[in-house]
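Position 1 is the first residue of the sequence, and the numbers go up from there.
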Amino acid sequence: MKAPNFTLRQLMYFVAAAKYGKIANAAVEIGISQSAVTTAILDLERNLGFPLLDRHVSGVTLTHRGHLFHQHALKVLEAADEAQRWPFQASLNLSGKLRIAATHVVVGYFLLPYLGKFLAAHPKVEVSLSEMTRPECEDALIAGKADLGIILTSNLGNPDELQKRPLIQAQRRLWISNNSPLMAEKSVPLERLNGLPYVFLMVDEGERVLRELVRPFGFEPNVVLRTTSMEAMREWIGLGLGVTIVADTVYRPWSLEGLKIERRPLADPIPPLEIGLVWRKDRPMDEVTEGFASFLRQSVPVSDGLD
């Protein structure tokens with residue numbers, strides 16, 4: 001059986017289309033014609049033997065197989081990017097201990113792949129990673145019990161004692177089921193959500209922060225479920241039992257039971273979620289800590305990082 005053939009260019013165009021949800025928007029971002037993006041993705045689908053995108057009037061969405069392939073495409077593009085930007089990384093030969101404090105979302109949805117690559121390049125570095133709440137991470141840094149924090153820096157509570165360096169911003173969007181009446185909306189005003197059953201994800205101060213962000217726009221969530229389980233939240237949304245507003249960092253288009261979850265932009269300008277590095281202002285980073293911080297700053301793909 002002949003193995004599928006595809007190019008990095010095809011993967012890049014496919015990932016861009018998945019990110020922006022419209023071929024035209026992906027073409028503008030890349031800087032080429034819309035027809036070139038369309039042709040490349042069609043060729044990729046033909047080579048793979050299955051569709052990656054569902055085409056509809058409002059744009060494109062990933063098919064179930066497309067979602068699975070998208071994860072591999074991201075890894076291939078990231079590896080190619082690293083090969084170009086980090087040919088010398090293994091020769092830096094760092095050694096020592098590194099104590100990291102990170103929040104739930106950071107550990108589960110951002111940090112671990114980068115940490116694995118760093119340790120593969122620096123096997124003499126001994127890392128201890130503690131998952132804590134944001135206030136606990138800050139306390140550990142201030143007390144000298146952690147060298148580096150990787151947290152939601154948009155929530156930083158001790159700016160006088162801690163220094164921060166943003167890494168990623170993720171837009172907060174509305175999650176709905178694929179049979180929701182809101183599917184017809186290109187963007188949804190927060191006031192439209194009043195009275196609808198609402199789900200709060202109870203990690204990383206999710207309810208407190210979201211309430212503060214939406215209150216100025218006249219939205220008071222009608223809470224029907226509070227959960228710390230990401231999969232429970234996805235299943236609830238997929239079943240059409242409620243809506244939620246969550247950052248793109250944790251978005252997946254399918255629940256464990258294969259229910260489709262859609263996103264819609266919010267019409268009101270609530271700030272994005274920001275993940276970044278945090279350390280104590282009066283304690284300069286040692287060589288290992290600075291090495292890992294530099295690795296993260298340079299390794300986060302442009303497509304995921306700050307504009």
Side-chain angles (χ1 to χ4, degrees), residues 21 58 61 67 102-110 131-139 150-158 168-276:
S58 60
T61 55
H67 169 63
T103 56
H104 175 83
V105 168
V106 170
V107 172
Y109 294 90
F110 170 71
E131 181 181 313
M132 307 176 182
T133 65
R134 190 268 310 160
E136 289 171 343
C137 288
E138 293 189 27
D139 289 345
I150 307 170
I151 66 175
L152 307 188
T153 46
S154 45
N155 303 351
L156 192 66
N158 292 280
I168 287 179
Q169 286 184 342
Q171 294 299 320
R172 292 179 168 95
R173 303 181 203 267
L174 176 68
W175 290 20
I176 56 178
S177 68
N178 65 351
N179 59 3
S180 167
L182 295 173
M183 283 285 292
E185 304 289 335
K186 291 185 177 180
S187 63
V188 182
L190 285 166
E191 285 188 342
R192 286 283 305 278
L193 306 181
N194 279 318
L196 296 181
Y198 191 89
V199 182
F200 266 122
L201 181 64
M202 304 299 289
V203 296
D204 288 353
E205 305 165 276
E207 180 170 0
R208 179 187 66 80
V209 172
L210 197 281
R211 284 187 180 276
E212 291 177 0
L213 294 178
V214 302
R215 190 171 293 118
F217 300 101
F219 173 43
E220 184 62 34
N222 173 31
V223 183
V224 295
L225 174 66
R226 290 179 172 91
T227 179
T228 59
S229 168
M230 196 73 67
E231 295 309 326
M233 183 188 72
R234 289 198 183 103
E235 195 71 13
W236 192 274
I237 300 300
L239 287 167
L241 300 178
V243 301
T244 192
I245 297 169
V246 189
D248 286 347
T249 309
V250 300
Y251 177 70
R252 303 290 185 273
W254 304 93
S255 74
L256 282 177
E257 297 299 321
L259 297 170
K260 189 73 183 294
I261 300 163
E262 299 284 356
R263 288 178 297 180
R264 286 296 180 269
L266 295 167
D268 301 295
I270 67 172
L273 176 146
E274 180 182 275
I275 295 175

Ignoring hydrogens and angles, tell me if any N or O in the side chain of [X] forms a donor-acceptor pair with the backbone of [Y] under 3.5 Å.
{"X": "Asp268", "Y": "Leu190", "value": "yes"}
{"X": "Asn194", "Y": "Gly218", "value": "yes"}
{"X": "Asp204", "Y": "Val105", "value": "yes"}
{"X": "Trp175", "Y": "Thr244", "value": "no"}

Can you find a pair of side-chain heavy atoms, one from [X] and one from [Y], that are under 4.5 Å apart?
{"X": "Ile151", "Y": "Cys137", "answer": "yes"}
{"X": "Phe217", "Y": "Ile270", "answer": "yes"}
{"X": "Leu273", "Y": "Leu152", "answer": "yes"}
{"X": "Leu196", "Y": "Leu182", "answer": "yes"}
{"X": "Ile176", "Y": "Met183", "answer": "yes"}
{"X": "Trp254", "Y": "His67", "answer": "yes"}
{"X": "Val243", "Y": "Val199", "answer": "no"}

For this session: Apply side-chain contact (heavy atoms from CB on, under 4.5 Å) to Arg172 and Val209, showing your working.
Result: CA-CA 12 Å; Arg172 292 179 168 95; Val209 172; 3.8 Å; yes
What distance separates [X] [atom1] from [Y] [atom2], expressed to the nearest 0.5 Å?
{"X": "Tyr109", "Y": "Asp248", "atom1": "OH", "atom2": "CG", "value": "13.5 Å"}
{"X": "Arg208", "Y": "Glu205", "atom1": "CZ", "atom2": "CD", "value": "4.5 Å"}
{"X": "Asp139", "Y": "Arg134", "atom1": "CG", "atom2": "CZ", "value": "9.0 Å"}
{"X": "Leu225", "Y": "Trp236", "atom1": "CG", "atom2": "CH2", "value": "5.0 Å"}
{"X": "Asn178", "Y": "Ile237", "atom1": "CG", "atom2": "CD1", "value": "12.5 Å"}
{"X": "Glu231", "Y": "Arg252", "atom1": "CD", "atom2": "CZ", "value": "9.0 Å"}

For this session: Before giving the answer on side-chain contact (heavy atoms from CB on, under 4.5 Å), spell out for Thr153 and Ile275 the whole-Å C-alpha distance, their side-chain angles and the decisive distance to 0.1 Å.
Result: CA-CA 5 Å; Thr153 46; Ile275 295 175; 5.7 Å; no
Nearest heavy atoms of [X] and [Y], plus distance in Å:
{"X": "Pro265", "Y": "Lys186", "answer": "CD-O, 3.2 Å"}
{"X": "Leu213", "Y": "Pro216", "answer": "O-CD, 3.5 Å"}
{"X": "Arg234", "Y": "Val250", "answer": "NH2-O, 2.6 Å"}
{"X": "Arg211", "Y": "Pro221", "answer": "NH1-CD, 3.8 Å"}
{"X": "Ile245", "Y": "Tyr198", "answer": "N-OH, 3.0 Å"}
{"X": "Ala232", "Y": "Thr227", "answer": "CB-OG1, 3.9 Å"}

Excluding sequence neighbours, so at least two apart, what forms side-chain contact (heavy atoms from CB on, under 4.5 Å) with [X]?
{"X": "Ser58", "value": "His56"}
{"X": "Asn158", "value": "Glu138, Ile142, Glu161, Leu162"}
{"X": "Glu136", "value": "Met132, Thr133"}

For this session: Using the ring of Tyr251 (Phe, Tyr or Trp, six-membered ring only), decide whether Arg173 places NZ or CZ under 6.0 Å from its centre and within 45 degrees of its axis.
Result: no
Exercise. Yes or no on side-chain contact (heavy atoms from CB on, under 4.5 Å) for Lys260 and Glu262, after CA distance, side-chain angles and deciding distance?
Worked result: CA-CA 7 Å; Lys260 189 73 183 294; Glu262 299 284 356; 3.3 Å; yes
Exercise. Applying the salt bridge (Lys or Arg N to Asp or Glu O under 4.0 Å) test to Glu185, which of Arg263, Arg192, Arg264 qualifies?
Worked result: Arg192
For this session: Let me know which of Thr228, Val203, Leu201 forms a side chain to side chain contact (heavy atoms under 4.5 Å, CB included) with His104.
Result: Val203
